[in-house]
Amino acid sequence: MPLPHERPFRFGAALHVPGTRDQWLDKCRKAEALGYDTISVPDHLGMPGPFPTIMLAAEVTERVRLGTYMLNANFYRPALLAREIATTDLLIGGRLEVGIGAGHAKPEFELAGLPYGSGRDRVEGLGRMVSELRVLFTHPDMQPQPAQRPSPPMMIAGRGDRLLTLAAREADIIGFNGAASSQHDKGGLPTFAAFDAVAERVDFARSALGERIGEVEFNSAVVAVIVTNDRRSGLEKVEQFAPHLSLEERAEVPGLLVGTVQEIADKLRKNRERLGFSYITVLEPGLEAMAPVIELLRGQ
């Protein structure tokens with residue numbers, strides 16, 4: 001099996017802006033036409049539910065895989081979530097990818113009437129969920145069963161030692177969000193770490209993977225894409241994501257893609273070689289800006 005840095009690029013679009021039925025269908029058609037390989041949806045209160053939106057996306061797309069980015073494991077009971085995943089995968093013809101995490105937005109737990117718990121509590125809850133899902137998907141009495149056997153591919157994303165150790169043991173895809181810390185400001189996006197800090201987290205995951213290194217794909221979340229000939233000005237525009245970093249350090253942050261199409265493509269190749277990031281997920285604001293980069297890197 002190929003090592004992470006040897007895998008061809010895949011590109012995902014994480015669509016998270018609420019809208020009407022027609023707006024959602026148009027976005028899904030557009031993402032597929034622009035060359036994305038996956039369309040994924042979040043799991044946050046205040047946004048559309050993930051499984052209905054995936055089902056609707058399947059009706060107007062043919063090629064792309066469809067997924068969650070990311071389910072909050074601590075919102076669910078295992079048997080109920082297993083039913084939703086299996087039903088969705090079955091009805092969309094085996095195109096589902098399951099991104100799942102521990103949850104980070106405390107206000108959402110409070111709104112849902114659920115205990116937030118410590119970081120350890122939430123990671124342990126995620127671990128129990130993943131283990132039970134694996135058992136349920138292979139149980140002979142499980143109905144319905146997912147189209148993909150033994151289960152749809154599962155992504156686990158995060159940055160802490162406990163979470164990355166869990167991901168190394170259980171995940172088909174490990175997601176690296178590039179956060180500078182585990183604390184999100186009021187449930188929003190974190191500030192982003194410098195390249196060396198992200199590389200240290202990747203190296204930790206590689207070590208934890210051991211012999212599984214060839215079985216697992218590495219995903220990188222991209223929060224901003226600015227195609228420009230004036231790279232300095234573009235980097236100033238993304239200061240909110242890494243205010244503690246210099247312009248030169250900000251330019252190296254994996255989750256910030258700023259420059260010409262060629263410069264962005266070169267950065268992605270570098271990140272794949274050093275970090276193993278072959279699967280790139282772009283948040284919705286960067287959907288169209290990323291298209292020429294995808295075209296340039298297609299098949300590489």
> Applying the 4.5 Å side-chain criterion to the ILVMFWY set and letting contacts propagate, would I100 and M47 be lumped into a single cluster?
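Different clusters: I100 never reaches M47 through Ile, Leu, Val, Met, Phe, Trp or Tyr contacts under 4.5 Å.
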> Quick check, are the ring centers of Y279 and F11 under 6.0 angstrom apart?
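Distance test on ring centres: not under 6.0 Å, no.
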> Consider side chain to side chain contact (heavy atoms under 4.5 Å, CB included). Of T88, D89, I39, T61, which one does R95 pass it with?
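Only one option passes, and that is T61.
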> Under a 4.0 Å N-O cut-off, is there an ion pair linking K27 with E284?
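A salt bridge links K27 with E284.
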> Is the backbone N or O of G12 less than 3.5 Å from a side-chain atom of R65, with the two atoms forming a donor-acceptor pair by type?
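Side chain of R65 to backbone of G12, a donor-acceptor pair under 3.5 Å: no, none is there.
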> Do I85 and Y76 have side chains that get closer than 4.5 Å, going by heavy atoms?
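Not in contact.
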> For atom CZ of R63, decide whether the heavy atoms of other residues, nucleotides or ligands shown that lie under 6.0 angstrom number more than 12.
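Yes, because the 6.0 Å sphere around CZ of R63 holds more than 12 heavy atoms from other groups.
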> If you measure from the Lys or Arg side-chain nitrogens to the Asp or Glu carboxylate oxygens, is any gap between K270 and E252 under 4.0 Å?
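A salt bridge is present here (some side-chain N lies under 4.0 Å from a carboxylate O).
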> If you count heavy atoms of other groups shown closer than 6.0 angstrom to CZ of R149, is the number above 12?
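Counting neighbours around CZ of R149, more than 12 heavy atoms of other residues, nucleotides or ligands fall under 6.0 Å, so yes.
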> What's the spacing between M129 CE and N72 CG if we round to 0.5 Å?
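Here the rounded value is 9.0 Å.
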> Is there a donor-acceptor pair closer than 3.5 Å between any side-chain N or O of R250 and the backbone N or O of V238?
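Here the side-chain-to-backbone pair does not exist.
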> What distance separates T281 OG1 from M70 CE, expressed to the nearest 0.5 Å?
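Here the rounded value is 9.0 Å.
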> Just wondering, more than 12 heavy atoms not from E62 lying within 6.0 Å of its CD?
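Atom CD in E62 is not crowded, with 12 or fewer foreign heavy atoms closer than 6.0 Å.
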> Does L257 belong to the same Ile/Leu/Val/Met/Phe/Trp/Tyr cluster as F277, with side-chain heavy atoms less than 4.5 Å apart forming each link?
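Both belong to a single hydrophobic cluster.
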> Tell me whether E295 at atom CD has more than 12 heavy atoms from other residues, nucleotides or ligands lying less than 6.0 Å away.
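12 or below, so no.
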> Is any side-chain N of the basic residue among E263 and K267 closer than 4.0 Å to the acidic one's carboxylate O?
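Looking at E263 and K267, the cut-off is not met.
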> For E132 and P78, work out which heavy atoms get closest and say how close.
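Nearest pair, atom of E132 first, then P78: OE1-CG, 3.4 Å.
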> Which heavy atom of L164 sits nearest a heavy atom of G158, and at what distance?
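Heavy atoms only, the tightest pair is CD2-O, 3.9 Å.
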> Salt bridge or not between R272 and E6? Use side-chain N to carboxylate O under 4.0 Å.
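Salt bridge flag = no for E6 with R272.
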> May I ask you to decide if G127's main-chain N or O and E170's side chain share a donor-acceptor pair within less than 3.5 Å?
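No: the side chain of E170 does not pair with the backbone of G127.
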> Step by step, would you call L247 with R232 a side-chain contact (heavy atoms from CB on, under 4.5 Å)?
CA-CA 7 Å; L247 285 181; R232 182 180 184 85; 3.2 Å; yes
> Assess whether side-chain contact (heavy atoms from CB on, under 4.5 Å) is satisfied between V17 and L15, documenting all intermediate values.
CA-CA 6 Å; V17 179; L15 305 182; over 6 Å; no
> Check step by step if side-chain contact (heavy atoms from CB on, under 4.5 Å) holds for F137 and Q148.
CA-CA 10 Å; F137 289 144; Q148 300 174 89; over 6 Å; no
> Which distance, rounded to the nearest 0.5 Å, do you find between the OG of S220 and the CG of L268?
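Going from the OG atom of S220 to the CG atom of L268 covers 8.0 Å.
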> Salt bridge or not between D196 and R201? Use side-chain N to carboxylate O under 4.0 Å.
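Not counted as a salt bridge, because no side-chain N and carboxylate O are separated by less than 4.0 Å.
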> If Ile, Leu, Val, Met, Phe, Trp and Tyr residues are connected whenever their side-chain heavy atoms lie under 4.5 Å apart, and connections chain through other members, are L3 and I173 in the same group?
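Different hydrophobic clusters.
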> Can you check side-chain contact (heavy atoms from CB on, under 4.5 Å) on T38 and V64, steps first, answer last?
CA-CA 5 Å; T38 64; V64 293; 5.8 Å; no
> Would R10 and E217 pass as an ion pair if we require N to O under 4.0 Å?
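E217 and R10: salt-bridged.
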> If two hydrophobic side chains count as joined below 4.5 Å and joins carry through other members, does V135 share a cluster with L133?
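The answer is no; the residues belong to distinct hydrophobic clusters.
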> Is the terminal nitrogen or CZ of R298 (NZ for Lys, CZ for Arg) located under 6.0 angstrom from the six-membered ring centre of F9 and within 45° of that ring's axis?
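No, R298 and F9 do not form such a contact.
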> Roughly how far, to the nearest 0.5 Å, is CZ of R29 from CD of E59?
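Atom-to-atom, E59:CD and R29:CZ are 11.0 Å apart.
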> Between D161 and R120, is the closest basic N to carboxylate O distance under 4.0 Å?
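Here R120 does not pair with D161 in a salt bridge, since their nearest N and O are not under 4.0 Å apart.
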> When you group the ILVMFWY residues by side-chain heavy-atom contacts below 4.5 Å and let the links chain together, are Y69 and V282 in the same group?
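In one cluster: no.
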> If every non-hydrogen atom of I226 is compared with every non-hydrogen atom of I264, which pair is closest and at what distance?
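Closest heavy-atom pair between I226 and I264: O-CD1, 3.9 Å.
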> Is there side-chain contact between V41 and H16, with heavy atoms separated by less than 4.5 Å?
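In short, these two side chains do not touch, never coming nearer than 4.5 Å.
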> To the nearest 0.5 Å, what is the distance between OG1 on T87 and CD1 on I92?
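Here the interatomic distance stands at 11.0 Å.
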> Looking at every heavy atom in both V222 and P254, which two are closest together, and how far apart are they?
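For V222 and P254, the tightest heavy-atom pair comes out as CG2-O, 4.1 Å.
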> So which heavy atom on L45 is nearest to which on E108, and how close?
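In terms of heavy atoms, the two residues are closest at N-OE1, 3.3 Å.
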> If I compare all heavy atoms of A208 with all of A168, which pair ends up nearest, and what's the gap?
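Nearest pair, atom of A208 first, then A168: CB-CB, 3.6 Å.
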